[in-house]
Asks: 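Submitted below is the structure of interest, expressed as structure tokens.
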Amino acid sequence: QVHVAETGGGLVQIGGSLNLSCIASASGLDDYVLGWFRQAPGKEREGVACISWSGKYTYYAGGVKGRFTISRDNDEGMLYLQMTSLKPEDAAAYYCAAGPSNGAECELESYRFEYWGQGTEVTVSS
């Protein structure tokens with residue numbers, strides 16, 4: 001069982017930066033891959049980035065690659081998402097998720113993740 005909860009959302013200007021955090025509490029967090037997903041109003045949920053249990057493998061959706069950085073600290077039970085050069089299309093509710101690890105990598109697919117946070121809102125304004 002993993003409990004995840006996001007913090008750090010808010011309002012940011014176009015081109016600005018924002019950091020999201022997720023508290024991931026579990027015994028043996030290194031048995032899980034972690035990921036960030038987002039959902040904008042009227043749109044389907046989409047994957048943003050995922051990170052393997054060790055943190056050595058990361059995967060990014062094409063639209064955020066080079067602008068967002070995912071990282072984790074298993075000892076502290078934390079997942080992070082550093083977002084830079086934010087665009088209007090990045091505005092969404094962002095969700096932290098955890099799923100059992102089955103290898104050295106991660107897959108940015110919703111069905112791979114069993115545990116979800118409540119979401120934190122990111123607003124990008126001009």
Side-chain angles (χ1 to χ4, degrees):
Q1 187 85 15
V2 182
H3 294 282
V4 291
E6 310 89 346
T7 61
L11 174 65
V12 63
Q13 290 189 324
I14 293 173
S17 300
L18 193 66
N19 295 327
L20 303 183
S21 299
C22 173
I23 300 171
S25 58
S27 58
L29 187 61
D30 53 5
D31 290 333
Y32 294 89
V33 297
L34 300 176
W36 289 99
F37 291 76
R38 67 186 182 188
Q39 187 169 20
K43 295 188 176 181
E44 292 188 356
R45 183 172 59 191
E46 63 177 356
V48 175
C50 66
I51 187 166
S52 65
W53 69 270
S54 67
K56 292 181 179 179
Y57 177 88
T58 57
Y59 180 85
Y60 296 90
V64 306
K65 197 170 185 179
R67 299 188 297 122
F68 291 11
T69 302
I70 188 171
S71 61
R72 65 188 289 169
D73 184 331
N74 287 343
D75 290 336
E76 296 294 327
M78 296 295 295
L79 173 70
Y80 303 101
L81 186 68
Q82 296 176 288
M83 304 185 293
T84 64
S85 302
L86 283 160
K87 305 176 181 180
E89 53 263 42
D90 294 318
Y94 281 71
Y95 298 89
C96 169
S101 175
N102 61 0
E105 300 180 349
C106 63
E107 293 183 55
L108 194 56
E109 298 288 348
S110 294
Y111 70 89
R112 290 291 188 185
F113 295 84
E114 298 181 7
Y115 306 100
W116 296 81
Q118 294 298 307
T120 187
E121 198 71 32
V122 173
T123 304
V124 183
S125 73
S126 55

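This one's a predicted model, so the numbers in the text were calculated from it and none came from an experiment.
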Asks: About how many Å separate CG of Asp30 and CG of Asn74, when rounded to the nearest 0.5 Å?
Replies: 5.5 Å

Asks: If we ignore hydrogens and angles and just use 3.5 Å, is the side chain of Glu6 paired with the main-chain N or O of Cys22 as donor and acceptor?
Replies: no

Asks: Does a sphere of radius 6.0 Å around CD in Gln13 hold more than 12 heavy atoms from other residues, nucleotides or ligands, not counting ones at 6.0 Å or beyond?
Replies: no

Asks: Do Glu107 and Phe113 have side chains that get closer than 4.5 Å, going by heavy atoms?
Replies: no

Asks: Are Leu108 and Tyr32 connected in a single hydrophobic cluster, I mean Ile/Leu/Val/Met/Phe/Trp/Tyr linked by side-chain heavy atoms less than 4.5 Å apart?
Replies: no

Asks: Taking salt bridge (Lys or Arg N to Asp or Glu O under 4.0 Å) as the definition, give me every residue that meets it alongside Glu46, ordered by chain and number, with sequence neighbours left out.
Replies: Arg38

Asks: If you measure from CG on Leu79 to CD1 on Ile51, what distance do you get to the nearest 0.5 Å?
Replies: 7.0 Å

Asks: Hey, could you give me the OG/CD1 distance between Ser125 and Ile14, rounded to the nearest 0.5 Å?
Replies: 7.0 Å

Asks: Identify the heavy atoms of Ala40 and Ala92 that sit nearest to each other, and give their distance.
Replies: N-CB, 3.8 Å

Asks: Can you tell if the side chain of Val2 reaches within under 4.5 Å of the side chain of Ser25, non-hydrogen atoms only?
Replies: no

Asks: Kindly indicate whether the side chain of Ser21, heavy atoms from C-beta on, has any atom under 4.5 Å from the side chain of Met78.
Replies: yes

Asks: Assign the ring pair Tyr94 / Phe68 to parallel, tilted or perpendicular, where the plane angle (0 to 90°) is split at 30° and 60°.
Replies: tilted

Asks: At their closest point, which heavy atom of Gly77 faces which heavy atom of Leu29, and how far apart are they?
Replies: CA-CD2, 3.7 Å

Asks: Give the C-alpha distance, both sets of side-chain angles, the deciding distance and a yes or no for side-chain contact (heavy atoms from CB on, under 4.5 Å) between Leu18 and Val122.
Replies: CA-CA 9 Å; Leu18 193 66; Val122 173; 3.9 Å; yes

Asks: Applying side-chain contact (heavy atoms from CB on, under 4.5 Å), run through Trp116 and Ser110 and close with a yes or a no.
Replies: CA-CA 10 Å; Trp116 296 81; Ser110 294; 4.2 Å; yes

Asks: Would you call Asp31 and Ser101 a side-chain contact if the rule is heavy atoms closer than 4.5 Å?
Replies: no

Asks: Begin with the C-alpha distance, continue with both residues' side-chain angles, and end with the deciding distance and a verdict on side-chain contact (heavy atoms from CB on, under 4.5 Å) for Tyr95 and Gln118.
Replies: CA-CA 7 Å; Tyr95 298 89; Gln118 294 298 307; 5.9 Å; no

Asks: Could you check if a side-chain atom of Val48 sits within less than 4.5 angstrom of a side-chain atom of Leu81, using non-hydrogen atoms only?
Replies: yes

Asks: Would you please name every residue forming a salt bridge (Lys or Arg N to Asp or Glu O under 4.0 Å) with Arg67, sequence neighbours left out?
Replies: Asp90

Asks: Indicate if Phe37 and Tyr59 have the same hydrophobic cluster label, given that clusters are the connected sets of ILVMFWY residues with side-chain heavy-atom separations under 4.5 angstrom.
Replies: yes

Asks: Does Tyr80, at its OH atom, have more than 12 non-hydrogen atoms belonging to other residues, nucleotides or ligands within less than 6.0 Å?
Replies: yes

Asks: Using side-chain heavy atoms (C-beta onward) and a distance below 4.5 Å, is Leu20 in contact with Thr120?
Replies: yes

Asks: Can a cation-pi geometry be assigned to Arg72 and Trp53, taking NZ or CZ under 6.0 Å from the six-membered ring centre and within 45° of the ring axis?
Replies: no

Asks: How about Arg112 and Val33: do any of their side-chain heavy atoms sit closer than 4.5 Å?
Replies: no

Asks: Roughly how far, to the nearest 0.5 Å, is the OH atom of Tyr57 from the SG atom of Cys50?
Replies: 6.5 Å

Asks: Nearest 0.5 angstrom please: Ile70 CD1 to Ser52 OG, how far?
Replies: 9.5 Å

Asks: Going only through I, L, V, M, F, W and Y residues with side-chain contacts under 4.5 Å, is there a path from Trp36 to Met83?
Replies: yes

